[in-house]
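We number each residue from 1, following the sequence as shown.
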Amino acid sequence: MVKKIKSVIAKLKMYIQNDGGDMEFDSYDRKTKTLIIKVKGACVGCSFFDQTFDYGMKESVMLELPEIKNVVFVTK
């Protein structure tokens, strides 16, 4: 499952890298089917963060991997 997740992230991250941001796999909880993605670069603090991630990236990940029930983006 982690390999599939990383593959999807690799396909999607190019869209935010064009604007100086980046994202990477952080963890996946098999029990809750929750994916944690670490967000870095220009995305941290961006005023379009919610639109880009909660409505764009989250939806895209869940369409590609329907077994995932939740996606959380962190900036730690």
Side-chain angles (χ1 to χ4, degrees):
M1 182 63 174
V2 171
K3 188 174 181 178
K4 287 169 53 176
I5 291 169
K6 287 182 177 182
S7 175
V8 169
I9 290 173
K11 285 191 268 183
L12 295 174
K13 70 193 289 180
M14 68 179 192
Y15 296 107
I16 61 170
Q17 286 176 331
N18 289 333
D19 291 326
D22 204 359
M23 65 182 185
E24 63 185 28
F25 173 81
D26 186 83
S27 63
Y28 177 66
D29 184 326
R30 295 175 198 271
K31 185 176 180 182
T32 64
K33 299 182 183 202
T34 298
L35 170 61
I36 310 288
I37 296 177
K38 184 177 178 182
V39 179
K40 307 185 295 185
C43 294
V44 178
C46 176
S47 60
F48 294 107
F49 185 90
D50 291 341
Q51 292 172 344
T52 301
F53 290 95
D54 290 338
Y55 302 112
M57 294 298 174
K58 181 176 184 175
E59 185 175 313
S60 296
V61 168
M62 292 176 79
L63 282 172
E64 290 275 336
L65 302 165
E67 55 267 48
I68 292 177
K69 301 302 177 198
N70 191 26
V71 180
V72 177
F73 298 96
V74 296
T75 57
K76 55 181 169 174

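- Atoms NZ and OH, from Lys4 and Tyr28 in turn, are 9.0 Å apart once rounded to the nearest 0.5 Å.
- When atom types are taken as modelled, the side chain of Ser7 and the backbone of Lys3 share no donor-acceptor pair closer than 3.5 angstrom.
- Within the 4.5 Å cutoff, the side chain of Asn70 has no heavy atoms near those of the Thr32 side chain.
- Residues Cys43 and Val39 come closest through the heavy atom pair CB-CG1, 3.3 Å.
- Counting heavy atoms from C-beta outward, Phe53 and Ile16 have side chains that approach closer than 4.5 Å.
- One hydrophobic cluster, built from ILVMFWY side chains closer than 4.5 Å, cannot hold both Tyr55 and Leu65; they sit in different ones.
- Ile9 and Met62 fall within a single hydrophobic cluster, where Ile, Leu, Val, Met, Phe, Trp and Tyr side chains are chained together by heavy-atom contacts under 4.5 Å.
- The shortest distance between side-chain heavy atoms of Val72 and Leu35 does not fall below 4.5 Å.
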Using the side chain to side chain contact (heavy atoms under 4.5 Å, CB included) rule, take Val44 and Phe49 through it: C-alpha gap first, then chi angles, then the decisive distance, then the call. CA-CA 8 Å; Val44 178; Phe49 185 90; over 6 Å; no
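- A donor-acceptor pair under 3.5 Å links the side-chain atoms of Asp29 to the main chain of Lys31, judged by distance alone.
- Scanning both residues, Leu12 and Met23, for their nearest heavy atoms gives CB-CE, 3.6 Å.
- Heavy-atom contacts from other residues, nucleotides or ligands closer than 6.0 Å to CD of Gln17 number more than 12.
- The pair Lys33-Glu67 does not count as a salt bridge, with every side-chain nitrogen at least 4.0 angstrom from each carboxylate oxygen.
- Checked options Ile68, Val61, Ile37; the residue passing with Ile5 is Ile68 (criterion: side chain to side chain contact (heavy atoms under 4.5 Å, CB included)).
- Between Phe73 and Lys38, every side-chain heavy-atom pair lies at or beyond the 4.5 Å cut-off.
- Residues satisfying the salt bridge (charged side-chain N to carboxylate O under 4.0 Å, His left out) test with Asp22, not counting sequence neighbours, are Lys13.
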